[in-house]
Every structure is written in structure tokens, then in C-alpha cells.
Amino acid sequence: MNRFALVVLLLACYLAAPAESPDASPAGSVTVVGEWSGQEEQDFDRVLARFTRTTGVTVYYRGSQSVGQVLDTDVADGQTPDVAMLSSPGQLETYASEGVLRPLDHALAGGQQEYGRQWRELDRGLQPQGRPSGHQYVVAVKADLKSVIWYDPAALRDVWSGPLPATWDQLLALDDAITAHGGTPWCIGMEATPNSGWPGTDWIEDILLHQSGVRTYEQLADGSLSWQDPRVRQAWLTWGRIVDGGSRLFGGTPGALLTDYQDTGKPMFTAKPGCYLDHKAAFVIGDYESDGGRGRFDFFPFPSVNGTGADVHEVSADFAAMFHDTPQAEALIRFLASPQGQRIWPSIPDGGAYSPAVIDPHVYPDALHRRVAATLTSGTLCFDASDLMPAAMSSAFNNATLAYLTDPGSLDSLLRQLDDVRSGAYASGYLSFHCGQP
Amino acid sequence: MVTTVVAERTTTTRATLRLLRTLLLTGTALVLLTSWLTFHLVSGTISVASGRTALAIMAVSSAQRALTQADAAAVRAFGADDVRLVGPGNDYQNGITLAVQSLEQVAEGDTATGVGAQTLQLVDGQLAAYSGMIEQADADYSANQTQLGVAELLYASKLMHMPQTGIIDELNSLGQQESSALNRQLAAAWMSPAAVLIWAVPALALLASLIGTQRYLSRRFRRTFNAWLLGATAVLVLLIAAGAVTLVAEHRMGGAKAAVDRVVADRQAGLGPITVGAGPFRDTLNAQCTSGPTGYGCGTVMSAVSVATMTADAKAATDATTLAQNGYGLQLAIPLAGLLIGVLVLCGLYVPLREYRYGAR
């Protein structure tokens with residue numbers, strides 16, 4: 001019987017499935033969720049690979065264009081990742097109210113030295129209502145400049161001999177000059193499924209910032225300003241002058257509604273330009289180069305309106321936030337914000353990434369990129385307002401720009417509806433926000 | 001001298017009988033253990049593979065087809081200007097309802113592996129967003145914001161069809177995850193025909209031992225047949241034959257997988273422009289359909305096979321997966337057979353051992 005028992009034991013051991021350890025690294029691992037996929041994910045993988053080589057920590061990254069939804073589900077299931085890369089800090093309020101955000105103070109202690117004062121203020125200025133104040137909950141790891149207007153210098157010289165616009169009136173004069181030459185001034189594409197309309201929100205925000213100033217912009221961003229406020233209404237009307245019922249847009253209103261925002265630059269580079277000016281964030285450089293525009297584009301800053309808004313820029317960023325303050329997660333946060341971590345992505349050719357830190361400008365591939373990078377670390381910087389809003393509010397804002405484009409006469413009704421949404425969207429509190437001053 | 005020879009003969013026979021009894025009982029236990037374990041692993045894997053994973057794969061393809069049809073129906077409704085009266089239409093509603101039911105079946109089938117849980121959550125969220133966009137498009141179009149309504153319809157259709165991140169492509173990814181899970185299940189070590197050796201070798205060794213024991217008893221005790229051991233041999237032969245059922249089940253599972261693959265292929269659909277109705281935006285929608293790389297904004301679904309063929313193939317696949325799960329009651333028969341063999345062995349050697357219980361006479 002002893003022999004029999006031994007045989008049974010050996011057989012059981014043989015048939016038992018081998019246990020696998022999920023964590024092969026002795027230094028541990030960290031889970032990350034972000035919205036980067038495709039080429040962006042490959043670029044981010046290079047950053048993570050350097051982190052792993054430096055620390056030995058294994059990173060498990062999951063990318064999804066619906067990262068907000070993925071995180072909402074993870075939070076509901078109690079299975080949050082260690083670190084999340086967010087492009088919309090407005091989600092912070094949701095996670096803060098669930099009590100799942102962890103402060104980054106310990107991870108970033110003594111760090112971010114290369115970040116300009118504006119970015120440090122921006123990062124520390126984002127204070128969710130549901131968490132103790134005075135702590136830092138996000139750190140910007142990749143930035144983008146939004147207050148710019150792109151053009152083809154050779155094409156513009158054919159219709160305009162004056163200086164590049166520095167004021168709104170000068171921009172309108174350029175607009176009229178293009179029209180007088182039989183051209184169509186603006187390349188606008190509102191299609192951006194599943195968030196169509198956000199290119200229109202960028203217009204409203206930039207106009208408001210440069211027309212009514214930083215404080216008004218901050219109030220709209222944090223939900224404390226009514227959409228029916230005369231300053232907000234004026235910003236919409238100012239945009240209305242640009243779109244002018246579709247007559248100044250490539251393809252008219254239907255073209256603007258149905259053109260993908262990534263394709264708006266294509267008509268700028270045709271033999272007879274279909275349009276001349278494109279209000280778009282600096283990430284568009286990669287699209288222009290693949291649209292046949294390599295070496296054929298430049299930008300000027302969004303002009304001030306009525307003398308307001310000089311040297312103030314709307315920016316966007318991708319942030320890292322932490323859900324579990326493990327040593328590995330803190331190490332990743334620290335690395336992403338470090339000079340070493342900040343140099344990797346901008347140095348990737350055609351990576352289209354900019355650092356919020358002041359890094360060696362020669363990391364960037366050319367003078368154009370260096371000008372963008374320099375602007376991102378100078379002047380007053382304000383986060384994209386709709387990125388700071390709760391999802392319901394930003395979604396309504398997106399839809400409102402689409403509706404306004406097709407029916408400018410519905411503006412007052414749209415603004416009332418936006419206020420209705422605002423009254424419910426901020427139920428869990430306002431995300432405290434301030435622009436970053438130099 | 002005579003006394004010494006008699007004492008040696010008595011000691012050898014008794015010891016030999018006890019050794020044979022130990023050998024046969026150990027062999028029986030080993031055969032019982034290996035055959036039961038192998039059957040348990042194989043039947044368990046087939047139960048999951050055919051009862052859950054294969055059905056999840058079919059449910060994914062059902063959801064894809066239903067959503068493709070729903071979107072085309074909505075596009076047709078706008079293209080024909082019917083949306084003012086009937087909204088996106090009954091075909092749209094039916095397609096969405098069928099898709100939701102299919103996704104619930106996927107979730108149920110996915111519980112065994114969990115490979116598609118994240119993608120399912122993503123698709124659920126996207127589907128909610130898509131439905132909301134169609135509702136918004138309907139509301140705006142019906143409020144005479146027709147240009148906006150058509151644009152919003154196209155945004156929704158793009159969410160459905162855009163490459164890589166659209167709903168249909170996410171379902172493709174989900175289907176591939178489930179297929180990979182099925183392939184992994186069928187590639188398990190115990191699913192290989194060679195795995196039959198796990199129990200066949202001990203069984204054949206036991207068979208040889210039983211035959212050898214009976215031959216020994218026949219020579220030593222001059223009895224041609226030992227009925228008990230003969231009975232044990234017969235039960236063992238039946239057990240070996242029953243164990244071969246695992247090979248049959250594996251073969252049937254292979255057939256079920258092929259049937260499921262056929263169903264998935266049947267349900268692939270192409271897209272074409274709107275061909276019915278004459279609303280003011282039909283040409284706009286058709287222009288998007290022919291120019292878009294993914295075919296969004298298209299109002300016609302084109303299938304390579306007829307509905308009747310699809311239905312017949314789906315039934316055949318369901319029947320095949322059910323048949324593959326048939327265990328023929330072996331989960332009870334194997335341990336009973338093993339027990340019976342052990343009892344028959346004990347009975348078969350009891351009398352000879354009793355004859356030698358008191359040693360030399």
C-alpha cells in the first residue's frame with residue numbers, strides 16, 4: 001500500500017498544472033493604462049523600455065482609445081491599474097470621488113526641477129474636490145501647443161503680402177484678402193469620432209482666452225461661469241464670423257462637418273490650395289508631413305483680441321496619475337517626470353511629442369519643433385478647457401459646436417442647453433484649476 | 001532431503017500468489033486513476049470548449065452581423081427620409097436588440113476563460129455611445145437640422161466601422177481572442193491522441209498481468225479457468241474500449257470547431273450603397289460609402305451565402321458542439337469498472353491463497 005500511495009502521489013504531481021508566477025521580474029511590476037495605440041503606443045513603449053532597463057521593473061501597458069471608459073469599469077470593479085495616462089484631467093474628479101487617487105508628492109519629491117514654473121503650477125493647480133487639498137495628483141509627461149494657426153508660406157505669399165497677423169483685426173484682414181483672391185480661408189474638420197466637434201471647442205476656448213483673459217477662461221474651465229455670460233456668448237459670435245455660415249470653410253458646412261480633423265491639412269498643399277489657414281495643435285505636424293506638406297508649413301501664434309491675451313497659450317497634455325502608490329508605480333512616475341524620461345519621446349523622429357520640461361532643444365528634430373517647444377515653456381499656459389470639464393459637459397460642448405456650425409441662429413438656445421448640462425455635470429464638485437503663470 | 005524440497009515449494013507458491021495479488025491490485029488502482037483522470041481532463045476541456053468557448057465565438061459573429069445590419073438599416077432610413085416618421089426603423093432596433101442578446105451570450109461563454117472580458121466591456125460602452133449618437137442624429141434630423149443629423153449619423157456609422165478601434169473591428173478582436181482560447185484548449189496535452197498512452201499503457205500492462213496470472217494458476221493448480229480473473233479480464237477489456245471514447249470525443253470536437261468556423265465565415269458581410277428610397281441625402285450618404293475605406297455610411301449588407309445556408313450551418317454547429325460533450329456516462333462507469341476489477345481480482349486469488357494459508361502439510 002505504501003508503494004501504491006507513492007505512485008498516486010507521483011502521478012498527481014505529474015498531472016498537476018505548473019504554477020506560473022505573473023511577475024517574472026525580481027524588481028516587481030507596474031500596470032499602466034493609457035489611450036495610446038498604434039504608432040503612439042510603439043513610441044511610448046520605447047519610454048517604458050528605457051524605464052525597465054534602468055530600474056528592472058516590468059511594465060504591463062494596456063492601450064485603448066476609450067481609456068476613460070476602461071478606467072471607469074476598472075474603478076467600478078475595484079481593479080484599477082497602478083498608473084493611468086490621462087489626456088483629460090476632467091476625469092480626475094470622478095476618480096477622486098471614488099477615493100482611488102493617490103497623491104504624487106512622495107514620488108515627485110525634489111523632482112520636476114526642469115519643468116517651468118507654469119507647468120509645476122498647472123500640475124499642482126489641478127485639485128479634485130474629493131481629495132485632500134495641497135497635494136499633487138497629476139504630472140504632465142507630454143505636452144502640446146494649441147494656440148497656433150498653420151499655413152503654407154509659399155501659398156500665403158500669393159494672396160497676402162502683409163505681416164503675419166498678431167491681432168484679431170489683422171487676422172480678419174488676412175481672411176478677407178484670401179476671399180478677395182477667390183480662395184477659401186479656413187481648413188476646418190469637425191469629424192473626430194467618437195468626439196466629433198472638439199476642433200470647434202478649441203476655437204471657442206482660444207477666442208475666449210485671447211478675448212476675455214485668463215480669469216474668464218479659468219472660470220469657464222472649472223464650471224463656475226455661465227455659458228450665457230456675455231463674454232462667452234461673444235466668443236461664440238467671434239467664431240461665427242470665422243465660419244460665416246460655411247462660406248469661408250473648405251467644403252462649406254458639409255465639408256467641415258464630414259472632414260476628419262486629421263485630414264484638414266490636405267487641401268493646404270494642393271497646387272491650387274483648397275484652404276490657407278488651419279487652427280490646430282502642434283501634433284498636426286506629423287499629419288502635414290504625410291499629406292505631402294513636408295517642409296511647406298509654418299505657424300503663427302493665435303492673435304490677441306482687443307489687446308487681450310498676448311503671450312498666453314492654450315495647451316494640452318497627457319498626464320500620469322496614480323491609483324496604487326507601490327514603489328514600482330512611484331518609480332515610474334518619477335522616471336516619466338525626470339530629465340531622462342522627458343527626452344525620450346521628443347527625440348523620436350516623427351514622434352510629434354513635446355516635453356513640458358525645459359530640455360536640450362537639440363533633442364527636437366528641427367527649428368520648427370524647437371519653436372513649439374520654446375512656446376510650451378514660456379508665457380502663460382492654460383489647459384484645454386474642455387479637457388478639464390466632466391465628460392457630460394465636454395460632450396455637450398462638442399455637440400454644441402456642431403449645432404452652431406449648421407445653425408448659427410440657434411446660439412442662445414444652445415447656450416441655455418449648455419447651462420442646463422452644467423447644472424448637473426458638476427454634481428460631484430468642481431475641479432479646481434488655474435493657468436500657469438511664468 | 002525430501003522434507004527440504006516440499007518446504008521450498010510451499011514458500012514459493014504462497015509468496016508468488018501474494019505478489020500477484022499486490023501486482024494486480026496496484027495495477028488496477030493505477031489504471032483506475034489514469035483512466036479516470038484522463039477522461040476527467042478531456043471531458044472537462046471539451047465541456048468548456050464546446051459548451052462555452054465555441055458558443056462564444058458564434059455569438060460574437062452573430063453580434064457583428066446584427067450590428068452591421070442595424071447600421072445599414074439606420075443609413076437606409078436617413079437616405080430614404082423615413083427617419084422623420086419611424087426614426088432609424090424597426091430593422092435597426094431589431095439589429096441592436098439581437099446584438100445585445102448575442103453579447104450577453106458572449107459574456108456567458110467567456111466566463112470560462114475570461115480572455116474577452118476587457119474587450120466586451122469596451123464594446124458595451126461603444127455600443128451605448130453608438131446608440132446615443134443615432135438617437136441624437138434622429139432627434140436633430142427630425143427637428144429639421146437635417147445636415148447636422150446626417151453628419152451625426154455618419155459619425156455613428158464610422159464608430160461602427162472604423163478600422164482597428166471601431167465596434168466591428170473590436171468584435172473581430174474579441175472573436176480572435178475566443179478562437180485563440182479554443183485553440184489553446186484543444187492543444188492541451190491531454191487532448192492529444194498520444195495522451196491515450198497515459199492510461200493505455202497501465203491498462204495493457206494490467207491485461208498482460210491478468211493473463212499471465214491466469215496461465216500461472218492454470219499450470220500450478222491444474223484448473224483451466226479462474227472465473228473471477230476471467231471476469232476481471234473482460235471488465236478490463238470493456239474499460240479499455242470505453243476509454244477509447246475519449247478519442248471519439250476529441251474527433252467530434254475537431255468537427256465541432258470546423259462547423260463553428262463555417263458559421264463565422266457565413267456571417268461575414270460586405271457593404272454597398274443605398275439602393276432603395278430617394279431622400280435628399282441619399283447621394284451624400286452613398287458618396288461616403290464608396291469613398292470611405294471602411295464602408296461606413298453604407299445602406300446595403302451583402303452576404304456570400306443565403307440566409308437558409310447560414311441557418312442550417314448554425315444548427316449543424318450547435319448540434320456538433322452538443323454531441324461533442326456527450327460523455328456516455330463514463331464519469332461513473334470508469335470508477336465502477338475499476339472497483340469491480342479489484343473485487344474480481346481479490347475473489348480470484350482468495351481460494352488459491354486459502355489453500356496455502358497454513359503452509360506445508
Side-chain angles (χ1 to χ4, degrees), chain A residues 1-12 14-17 33 35 37-38 62-74 76-77 79 190-197 246 252-260 391 395-396 398-407 409-410 413, chain B residues 22-23 25-30 32-34 37-38 40-41 117-126 128-130 132-133 136 140 143-152 154-167 170 188-190 198 202 281 284 287-288 291-292 296-297:
Chain A
M1 289 302 291
N2 284 339
R3 290 180 198 167
F4 175 68
L6 182 59
V7 167
V8 170
L9 183 62
L10 286 173
L11 193 62
Y14 173 74
L15 290 174
V33 163
E35 71 171 15
S37 57
R62 179 167 40 121
S64 168
Q65 289 202 352
S66 302
V67 64
Q69 183 189 326
V70 169
L71 279 170
D72 288 345
T73 306
D74 287 347
D77 291 344
Q79 295 180 340
M190 301 285 273
E191 200 272 293
T193 301
N195 300 309
S196 297
T253 299
L257 286 173
L258 299 180
T259 300
D260 189 304
S395 178
N398 292 342
N399 291 339
T401 62
L402 296 172
Y404 181 68
L405 187 61
T406 53
D407 183 10
S410 64
S413 169
Chain B
T22 302
L23 185 67
L25 288 177
T26 303
T28 301
L30 191 61
L32 169 61
L33 183 66
T34 53
L37 267 174
T38 305
H40 176 70
L41 288 169
Q118 286 182 8
T119 308
L120 265 173
Q121 286 172 350
L122 183 62
V123 168
D124 282 343
Q126 284 181 313
Y130 170 82
M133 290 161 83
Q136 183 70 46
D140 285 331
N144 285 326
Q145 296 287 333
T146 52
Q147 202 169 65
L148 180 59
V150 167
E152 289 166 335
L154 286 166
Y155 299 158
S157 190
K158 189 173 182 184
L159 177 60
M160 183 65 68
H161 291 290
M162 62 187 179
Q164 294 181 1
T165 55
I167 297 174
E170 290 288 356
W190 48 86
I198 294 173
F281 290 96
T284 301
Q288 289 293 319
S291 65
Y296 58 90

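Note that the coordinates shown come from a computational prediction; the quantities given were computed from them, not determined experimentally.
Residues meeting the side chain to side chain contact (heavy atoms under 4.5 Å, CB included) test with T119(B), sequence neighbours left out: V123(B), E170(B), L174(B), Q177(B). Residues forming a side chain to side chain contact (heavy atoms under 4.5 Å, CB included) with A188(B) (at least two apart in sequence, or on another chain): W190(B), M191(B).
Heavy atoms of A151(B) lying under 4.5 Å from chain A belong to its backbone as well as its side chain. Only the side chain of L154(B) comes within contact range of chain A, with heavy atoms under 4.5 Å apart. For a residue to count as touching a neighbouring chain, one of its non-hydrogen atoms must lie under 4.5 Å from one of that chain's; by this rule Q164(B) does not touch chain A. With a 4.5 Å cut-off on non-hydrogen atoms, N195(A) does not touch chain B at all.
Summarising the geometry of Q145(B) relative to T406(A), their closest heavy-atom pair is OE1-OG1, 3.5 Å, with the distance given to 0.1 Å.
Among N399(A), L405(A), L402(A), T253(A), the single residue meeting the side chain to side chain contact (heavy atoms under 4.5 Å, CB included) criterion with L148(B) is L402(A).
Options G197(A), S410(A), P254(A) differ in how many heavy-atom pairs under 4.5 Å they form with chain B, and the most are formed by P254(A).
Counting only heavy atoms from C-beta outward, the side chains of T193(A) and M133(B) approach each other to under 4.5 Å.
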>> If you apply the rule side-chain contact (heavy atoms from CB on, under 4.5 Å), what do you find for K158(B) with D260(A), and how did you get there?
In response: CA-CA 11 Å; K158(B) 189 173 182 184; D260(A) 189 304; 2.8 Å; yes
